[in-house]
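Just the heavy atoms: all of them, side chains too, but no hydrogens, waters or symmetry mates, feed the values below.
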Amino acid sequence: MIPEIIFTSILSIIIALVNLAAKKQNLDFLNKEVKIKGYGMLIAAAVIEITAQFLFKRNPGSSILRFLSMSWLIYFALFYVTLHNISKSYMMLFFIGTLMNFIAITSNGFKMPVYVSDALSDIEAKKIYLQTGKDLIHSLLTDSTRFKILCDIITIPSPYPYPITISIGDVFLLSGIFAFWQDLLEGKKRISKQKSN
């Protein structure tokens, strides 16, 4: 999901910059503050999870590292931050996406079931890996999977450089990231308009 977040951010920034250039408006990052309540909790949760996943791969026998590296733990921080900032349009998108993904994982053993599409490479290897349970975050989507519509069922194949399967919740989360950057840059324009008046 990291490559998709980076790609969405870059795309959003480029679109906003083109829009600003077309309207002959300047971009001044120094005049805009991003005010998100509780973002520190989200950063801390992400750092703990990423560190625990990194360490767990080197020490798979550790129960505490297994627990801390479970991706569902970050959802509590996501819910906290999105609910405290729900008045922002992009936070509503984050909240909806987070809720959809949380329903999918809590209904399926705290792992996100993944549909392995024929459009991906190494299909059998991916299926076997997901069936072994070695993946801390994902499992294989089967007939017994609950809330299939909310699971990772949307395949983004080549020519996208990182062929992947994402969920509807991920689409909302990526839309939230796109909206965040647009809102940030739109805010810049509002500030410059206020200064000129």
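When each of Val81, Ile86, Leu78 is checked for a side-chain contact (heavy atoms from CB on, under 4.5 Å) with Phe95, only Ile86 meets the rule.
Pairs passing the ring-ring contact (aromatic ring centres under 6.0 Å, His included) check and including a residue from residues 119-153, sequence neighbours excluded, do not occur. Residue pairs meeting the side-chain hydrogen bond (donor to acceptor under 3.5 Å, both in side chains) criterion with at least one partner in residues 78-87, sequence neighbours excluded, do not occur; the list is empty. Every pair passing side-chain hydrogen bond (donor to acceptor under 3.5 Å, both in side chains) that includes a residue from residues 52-67 is listed here, sequence neighbours excluded: Glu49-Gln53. Every pair passing side-chain hydrogen bond (donor to acceptor under 3.5 Å, both in side chains) that includes a residue from residues 101-117 is listed here, sequence neighbours excluded: Asn101-Ser167, Asn101-Asp170.
Using a 4.5 Å heavy-atom threshold, the side chains of Leu11 and Trp181 count as separate. Inter-residue side-chain proximity for Tyr75 and Ile105 is flagged as met; some heavy-atom pair is nearer than 4.5 Å. Looking only at side-chain heavy atoms (C-beta outward), Ile166 and Val171 come within less than 4.5 Å of each other. Put simply, the side chain of Phe172 does not reach to within 4.5 Å of the side chain of Thr98, judged on heavy atoms.
With sequence neighbours excluded, the residues forming a side-chain hydrogen bond (donor to acceptor under 3.5 Å, both in side chains) with Ser144 are Thr142, listed by chain and number. Scored by the side-chain hydrogen bond (donor to acceptor under 3.5 Å, both in side chains) test, Ser12 finds Gln182 as partners (sequence neighbours excluded).
Between Asp143 and Lys148, the closest heavy-atom pair is O-NZ, 3.0 Å. Among all heavy-atom pairs drawn from Ile74 and Ala45, the shortest one is CG1-CB, 4.0 Å. Taking all atoms of both residues into account, the shortest heavy-atom contact from Ile149 to Ile168 is O-CD1, 3.3 Å. What you find for Thr145 and Leu140 is that their closest heavy atoms are OG1-O, 4.2 Å. Listed here is the closest heavy atom pair of Leu73 and Phe67: CD1-O, 2.9 Å. Of all non-hydrogen atoms in Cys151 and Leu141, the two that sit nearest each other are CB-CD1, 3.8 Å.
In terms of hydrophobic clustering, with Ile, Leu, Val, Met, Phe, Trp and Tyr side chains grouped at heavy-atom distances under 4.5 Å, Ile128 and Met112 are assigned to different clusters. Met41 and Ile43 fall within a single hydrophobic cluster, where Ile, Leu, Val, Met, Phe, Trp and Tyr side chains are chained together by heavy-atom contacts under 4.5 Å.
One finds the CG atom of Leu65 at 10.0 Å from the CG atom of Leu136 (value rounded to the nearest 0.5 Å). Atom-to-atom distance recorded for Phe94:CZ and Leu42:CG is 9.0 Å, nearest 0.5 angstrom.
Phe180 and Tyr90 have perpendicular rings, their planes meeting at more than 60° on a 0 to 90° scale where under 30° would count as parallel.
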